[in-house]
Amino acid sequence: MDPTRILLSSLLALGMAGCHKAPPKAPPAPPPAGPPAVDLAKLPPVDGVSLAHTCAGCHGTEGRIKSAAFVSLAGLPAADLVRTMKDFRTGKRPSTLMGHVAKGLSDRDLEALAAYFAKLPKDAGKGGQP
Amino acid sequence: MKRRDALTLLGLGSLALAGLPRLGGNTPRKGRVVIVGGGVGGATLAKYLRLLDPGLHVTLVERNPIYIRPYGSTEVLTGHITMKDLDVTYDALHETYGVEVLIDAAVGLDPVKKLLRTAGKKELPYDRLVVSPGIQLDYGAIPGYSAQVAETRIPSGWIPGAQTALLAKQLQAMRPGGLFVLVAPPNPYRCPPGPYERAALVTEWLQRHNPTAKVIVADPKDAFVTDETMLLGWNRLYRYNPPDDYAKKLAAKVEVKRHSEGGPITWIRAKDGGKVKRLEAGSLQIHTEGGVLKADVVNVVPPMKAATLAFDLGLTDAAGWCPVDRRTFKSTKVPDVHVIGDSCIADAMPKSGFSANSQAKVAARAIVEELAGRPVPEPVWENTCYALAGMHYGLFVADVFRLVDGKIARTNGPDRYLPLDASPAQIRLGARYQQAWLRTFTQDVFE
């Protein structure tokens, strides 16, 4: 048998059995819990432009995207977007990650965001040409 | 030969590749912003500055005429895409957004006269300079490893390029039953789930093409971002048995299979001896604190710090990263200079393309408003890192951030990962979103 294979298989066996020799000094374990939760209501308001910018990485610059996977947000009625995000937040509407994002935004944020997208035309030619 | 060298030979090294007609003329300019570094941070910033204020004169200085995107580059290793698929041009930044793209390298700055000096002997005046230089790989931090070894024998490819292609070739030529070792980096580093996604995709590929091969991740850490969801994916896809403490935590929420015989992938944490002490490039022996691994192909993701340029321009702190005011990304070291992306200190934000994109937009708004004499808007940031445990097994970390007591803090609480009890349909959808994101994200940055 190839000696490297013997070394590998014995090493794997050791690793699996937890006999892999421990390092001389283990680094301290990271703190189990993160910082205390942020109270969104106590933070200053953010405007719709800045909020919309955070969506663009998936939903397109100025909320316009040609994608089968992600929804274009430009021109969506504000009430619809707010309701959808709130439903994502509570889990009433299932999501992959939008529920997590919605939990990081306040109701005020959702309203500012939705008002901004509602004003944008659905189609403005290529991107947001200056 | 690198593309840049080829251009230099052609005498184009310091010419603006994408000419100047749109910007040379009569339009009154409300300010000059010079950006150094055409990665995700710099490109996003250039585009968004021009979107927010078409009156600004924006110059992007970048050494390479073509950007090789790092996000998704692991798919080159498994042949899902080719190196060419990683190429992104600056054409749209120039043609659609009127950004002046200068193919040149920054070499120094005069903070008093507010001039950036380039290798091409240009002096670019600025009202604001934004540096988005990315990371450098500290090859020398692991004894036996070096840039030369990385280029010839043990590639890294964490900054994608020739090393990515070399690693793909090595993997595809590995002997049947060979051992692939991925040496994971210490914190902080670019793309936190990336090394584990790479190990997973390599394992998936090997199962099909080299089914007796093995994969070991040697890690100087005991945990990583997305660890529970990633290890659960390995458990389901690759007969991986998570360490007992993880198995216990996972089993409280979801069924974890106990495989009588372990699968092809092994994660050796710091506490199990995973920290690498030195490498032998000739014999491909990896000396860890727990023993010696005799590998057939090795991929090292070295420790990282801010790119050399950040050091050269005097923007770094003792730890090798760039301190900034979080609201504006203004350097605390040099006036009128901002630093964004992987090289800056951004607290709870990971070093990711999504973070750099989000930071660029916050910096763009701060610059536009300040140059106009208005107050800086209240910032908000987001990050999503999609990662794959297999080509059809998607997971993620997603966070929203706000400024809290001068630091960047997460606001979405404990919910940030794929739920452990996610359905198979949600998991497949995550993978589909990951693939879609690679395209939509590139569009938001460059197009």
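Being a predicted model, the structure only gives us computed values, none of them experimental.
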Select, from A:Ala69, A:Ala102, A:Gly99, the one with the greatest count of heavy-atom pairs under 4.5 Å involving chain B. A:Ala69
Of A:Leu105, A:Leu40, A:Val101, A:Asp39, the largest count of non-hydrogen pairs under 4.5 angstrom with chain B goes to A:Val101
To the nearest 0.5 Å, what is the distance between [atom1] on [X] and [atom2] on [Y]?
X	Y	atom1	atom2	answer
A:Thr61	B:Tyr97	OG1	OH	5.5 Å
A:Leu97	B:Leu418	CG	CG	9.5 Å
A:His100	B:Arg410	NE2	CZ	10.0 Å
B:Tyr433	A:Phe70	OH	CZ	7.0 Å

For [X] and [Y], which heavy atoms make the closest approach, and how far apart are they?
X	Y	value
B:Lys361	A:Ala56	NZ-CB, 3.5 Å
A:Gly104	B:Val400	O-CG1, 3.7 Å
A:Cys58	B:Phe354	SG-CE1, 4.0 Å
B:Ala409	A:Val38	CB-CG2, 4.3 Å
B:Gln426	A:Thr96	O-CG2, 4.0 Å

As a test of understanding, state which of B:Asn412, B:Asp415, B:Thr411 forms a side-chain hydrogen bond (donor to acceptor under 3.5 Å, both in side chains) with A:Lys103. B:Asp415
Part of [X] within contact of chain A (heavy atom distance under 4.5 Å):
X	result
B:Phe396	side chain
B:Ile427	neither
B:Tyr48	side chain
B:Pro414	neither
B:Thr384	side chain
B:Trp381	backbone

Please identify, among B:Lys221, B:Lys47, B:Arg416, the residue contributing the most non-hydrogen atom pairs under 4.5 Å to chain A. B:Arg416
Considering only heavy atoms, which portion of [X] lies under 4.5 Å from any heavy atom of chain B: side chain, backbone, both, or neither?
X	value
A:Ala68	both
A:Ser95	backbone
A:Ser67	side chain

Residues of residues 74-85 of chain A under 4.5 Å from chain B (heavy atom pairs)? none
Counting a contact as any heavy-atom pair under 4.5 Å apart, which residues of residues 43-54 of chain A contact chain B? A:Leu43, A:Pro44, A:Pro45, A:Val46, A:Asp47, A:Val49, A:Ser50, A:Leu51, A:His53, A:Thr54
Considering residues, nucleotides and ligands other than B:Arg327, do more than 12 of their heavy atoms fall under 6.0 Å from its CZ? yes
A:Phe117: what forms a ring pair (Phe, Tyr, Trp, His ring centres under 6.0 Å) with it, not counting sequence neighbours? none
Applying ring pair (Phe, Tyr, Trp, His ring centres under 6.0 Å), can you list everything that pairs with B:Phe224, at least two apart in sequence or on another chain? B:Tyr196, B:Trp267
